[in-house]
Structures are given as structure tokens and as C-alpha cells.
Number of protein chains: 2
Amino acid sequence: MVVDQLDDTGIDRLFQALADPTRRDIVRRVTLGEYSVSGLAALYAMSFAAVQKHVAVLERASLVSKEKRGREQIVRGNHEGLQSVRRLLDEYEEIWRQRAARIADILAEEPKNN
Amino acid sequence: MVVDQLDDTGIDRLFQALADPTRRDIVRRVTLGEYSVSGLAALYAMSFAAVQKHVAVLERASLVSKEKRGREQIVRGNHEGLQSVRRLLDEYEEIWRQRAARIADILAEEPKNN
DNA sequence: CTGATCTACAACCATTTGGTTGTACGTTAT
DNA sequence: ATAACGTACAACCAAATGGTTGTAGATCAG
């Protein structure tokens with residue numbers, strides 16, 4: 001997924017990926033340390049396959065990346081993905097800023113007919 | 001929903017709510033101007049009920065609020081909700097910062113036995 | 001009063017999601 | 001070589017999601 005110039009589908013995937021507590025926890029973990037998929041699976045009360053699916057969702061969303069090492073698959077955090085989400089949120093904050101500015105303009109407007 | 005002190009369910013709702021392009025568009029619109037539910041519904045190629053559901057999802061996530069005015073229900077953006085998401089993202093960025101600091105520490109560590 | 005408008009909500013449907021178990025295959029260790 | 005480990009993937013299931021239509025209650029306009 002291209003993380004700059006995000007299309008709707010990419011944005012959907014990013015937010016969707018973060019809308020699950022297990023996946024958010026995985027993101028935290030793999031940001032601070034290295035984990036294999038089975039290393040991650042050991043942390044949660046669910047099957048290996050379930051964790052594997054969560055990692056796949058995060059990977060499609062560009063929030064983590066996998067790298068094969070021997071028979072293991074090492075999962076690492078992908079900072080670009082997170083930055084994309086952050087930039088998106090910044091855009092929404094910017095819209096609020098515009099709104100505040102617009103309201104200020106209206107209040108500062110020269111009263112003409114009253 | 002309490003927007004400070006967010007529990008997992010609240011966070012889930014926030015990200016889930018933002019994981020749909022129609023809902024993201026609604027958030028933008030109602031931030032800049034006032035819209036009734038049917039006013040919003042007129043903007044999209046889907047039924048009134050569908051838009052009503054989208055607004056309900058955003059409301060549960062604390063991203064918008066409704067206010068009854070006559071027979072209309074006015075939808076407005078709720079800045080607190082957005083700020084919650086932003087704070088969450090900031091936490092993840094902070095984790096990355098910690099990671100970077102930790103790596104820097106390791107590199108700066110006094111070599112003792114080589 | 002009557003009709004049009006706005007909203008709410010239930011019932012239904014197809015698809016997606018988050019989980020399971022089972023099977024197969026490459027890699028490591030004994 | 002064989003067993004154990006790590007992964008991938010298919011098939012299945014229940015619940016949630018995103019949409020529909022239909023019905024009903026308020027409110028506003030003529």
C-alpha cells in the first residue's frame with residue numbers, strides 16, 4: 001500500500017486495523033521489540049491462526065512489516081503507516097482551525113445594516 | 001462515552017467510526033457547517049436510513065453530537081472526540097520516540113568487554 | 001385539518017470480521 | 001532421517017457491518 005497519497009481504501013484499512021485492541025497491542029509491542037508471529041501468538045489467549053490474521057490485517061494497512069528469518073517471520077512496526085494516520089488526523093484538526101477562523105471572521109465583520 | 005480516560009471499547013468505536021469514507025466525509029462537513037440528518041442524507045447516494053445509521057455510529061464514538069431543533073436534528077462536529085483520537089496517535093508516536101532513544105542509548109553505551 | 005417533511009426504528013439481507021480447527025510445507029534440531 | 005517448530009492457508013461458524021424497505025410518530029405549512 002502506498003502510504004503517501006492515500007486513497008479511501010488505504011485510509012479505511014488504517015483505521016480499521018487500529019479498531020481492535022489486540023492489533024493495537026501488537027503495534028505497540030513490535031514497535032519496541034522484535035517478535036516472530038508465534039512469539040506474538042504466545043501473548044494472547046487465542047489461536048496462532050487468529051494472531052496470524054491480525055498481523056496480516058496490520059501488514060495490509062502498512063502498520064507493520066514482516067521479514068523472513070530462517071523459519072520465523074519477524075514482525076516490525078512500520079513508522080510510515082502510523083505517520084499516515086497522524087497526518088490524516090492533522091487534516092481534521094486543520095478543518096477545525098479553519099472553522100474557528102471563519103467564526104472569528106464573522107464576529108469581526110463590520111456591521112453594515114443594523 | 002467518556003472521552004478522557006478512554007477504555008478499549010471507546011477506542012475501538014473511535015477508530016471503527018473513522019474507518020468508513022462516508023462517515024469521514026460527514027465529520028468534515030459537520031465540522032465546517034450545520035447539517036440536519038436529512039440535509040446530510042441528500043449528499044450521498046444511499047438511503048436516509050443508511051445515513052442515519054452512519055450518524056449514529058459517529059455519535060456513539062463521540063465524534064459528532066445531535067441537537068433537536070424543531071422537527072430537525074442538527075448534527076455538529078464534536079472536537080473532543082477528534083482530540084481523543086489525536087492523543088491516542090500521539091501515544092504511539094511517543095512509543096516510537098522511546099524506541100529511538102533506547103537505540104541511541106545502546107549505541108552510546110560504554111563498550112566494556114571488547 | 002390535512003398533507004408534506006423529518007426522524008426513529010424494526011426487520012431483513014449480503015458481506016465482512018474475528019475466531020476456530022485441520023492440513024500442508026519449509027526449516028531447525030537431535 | 002525423523003521429530004519438532006514456525007508458518008501459511010482453507011474451510012467453517014457466529015456475530016457485526018452496511019445497506020435496504022417499511023412503518024410510525026412529531027412537527028411544520030397551506
Side-chain angles (χ1 to χ4, degrees), chain A residues 1 7-30 33-76 78, chain B residues 1 7-30 33-76 78:
Chain A
M1 195 178 99
D7 58 354
D8 270 355
T9 308
I11 301 175
D12 291 355
R13 284 183 191 152
L14 279 168
F15 283 120
Q16 184 68 42
L18 289 169
D20 179 282
T22 303
R23 286 196 293 263
R24 288 193 300 272
D25 194 62
I26 291 176
V27 169
R28 290 175 201 267
R29 303 254 191 188
V30 301
E34 285 191 348
Y35 285 85
S36 65
V37 180
S38 55
L40 286 170
L43 301 170
Y44 309 103
M46 66 184 75
S47 69
F48 170 81
V51 174
Q52 207 181 9
K53 280 192 188 180
H54 281 309
V55 172
V57 169
L58 290 169
E59 198 181 11
R60 279 195 85 208
S62 305
L63 284 168
V64 309
S65 56
K66 284 192 300 185
E67 188 196 343
K68 199 169 181 177
R69 199 161 67 191
R71 67 182 156 184
E72 292 186 334
Q73 198 80 263
I74 303 301
V75 184
R76 289 200 187 79
N78 181 356
Chain B
M1 195 178 98
D7 58 353
D8 269 355
T9 308
I11 302 176
D12 291 354
R13 284 184 190 151
L14 279 168
F15 283 120
Q16 185 66 42
L18 290 169
D20 178 282
T22 303
R23 286 196 292 262
R24 287 192 300 273
D25 194 62
I26 291 176
V27 169
R28 291 176 201 267
R29 302 253 191 189
V30 301
E34 285 191 349
Y35 285 86
S36 66
V37 180
S38 56
L40 286 170
L43 301 170
Y44 309 102
M46 67 184 73
S47 70
F48 170 81
V51 174
Q52 207 180 9
K53 280 192 188 180
H54 281 308
V55 172
V57 170
L58 290 169
E59 198 180 12
R60 278 195 87 208
S62 304
L63 284 167
V64 309
S65 56
K66 284 192 299 185
E67 188 196 344
K68 200 168 180 175
R69 198 161 68 191
R71 66 181 156 185
E72 292 185 335
Q73 200 78 265
I74 304 301
V75 184
R76 290 201 187 79
N78 180 357

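Numbered from 1 within each chain, the chains take letters A, B, ... in sequence-line order. Here the structure is a predicted model, which means the values were calculated and not measured. Atoms considered below: every heavy atom in the structure, side chains included; atoms not considered: hydrogens, waters and symmetry mates.
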Of B:Lys66 and A:Ala19, the one whose closest DNA chain C nucleotide lies more 5': B:Lys66
Relative to the 5' end of DNA chain C, which residue comes earlier, B:Lys53 or A:Val57, by the nucleotide with the nearest heavy atom?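 Residue closer to the 5' terminus by nearest nucleotide: B:Lys53.
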Using the test side-chain hydrogen bond (donor to acceptor under 3.5 Å, both in side chains), find all partners of A:Asp20 that sit at least two apart in sequence or belong to another chain. none
Is it the case that the side chain of A:Asp8 and the backbone of B:Pro21 share a donor-acceptor pair, with hydrogens and angles ignored and the cut-off at 3.5 Å?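 Between the backbone of B:Pro21 and the side chain of A:Asp8 there is no qualifying donor-acceptor contact (under 3.5 Å).
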With sequence neighbours excluded, residues passing salt bridge (charged side-chain N to carboxylate O under 4.0 Å, His left out) with A:Arg23: none
side-chain contact (heavy atoms from CB on, under 4.5 Å) involving [X] - partner list, sequence neighbours excluded:
| X | value |
| --- | --- |
| B:Arg71 | none |
| A:Ser38 | A:Ser36, A:Phe48 |
| B:Ala50 | B:Met46, B:Ser47 |

So what does A:Ser36 touch, heavy atoms closer than 4.0 Å: a base, only the sugar-phosphate, or nothing?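 The residue A:Ser36 makes sugar-phosphate contact but no base contact.
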Categorize B:Ser38 for me: base, sugar-phosphate, or nothing, with a 4.0 angstrom heavy-atom threshold over every strand shown. sugar-phosphate
Looking at A:Arg13 and A:Glu59, is any side-chain nitrogen of the basic one under 4.0 Å from a carboxylate oxygen of the acidic one? no
First-last contacting nucleotides on DNA chain D - partner chain B, under 4.0 angstrom, heavy atom: D:dG18 to D:dC28
Provide, to the nearest angstrom, the distance between the CG atom belonging to A:Asp12 and the C1' atom belonging to C:dT15. 15 Å
Pairs satisfying salt bridge (Lys or Arg N to Asp or Glu O under 4.0 Å), at least one member in residues 35-54 of chain B, at least two apart: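 Salt bridge (Lys or Arg N to Asp or Glu O under 4.0 Å) check on residues 35-54 of chain B returns no pairs.
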Between protein and nucleotides 22-30 of chain C, map the contacts as a letter string: B base, S sugar-phosphate only, - none, heavy atoms under 4.0 Å, written 5' to 3'. -----BB--
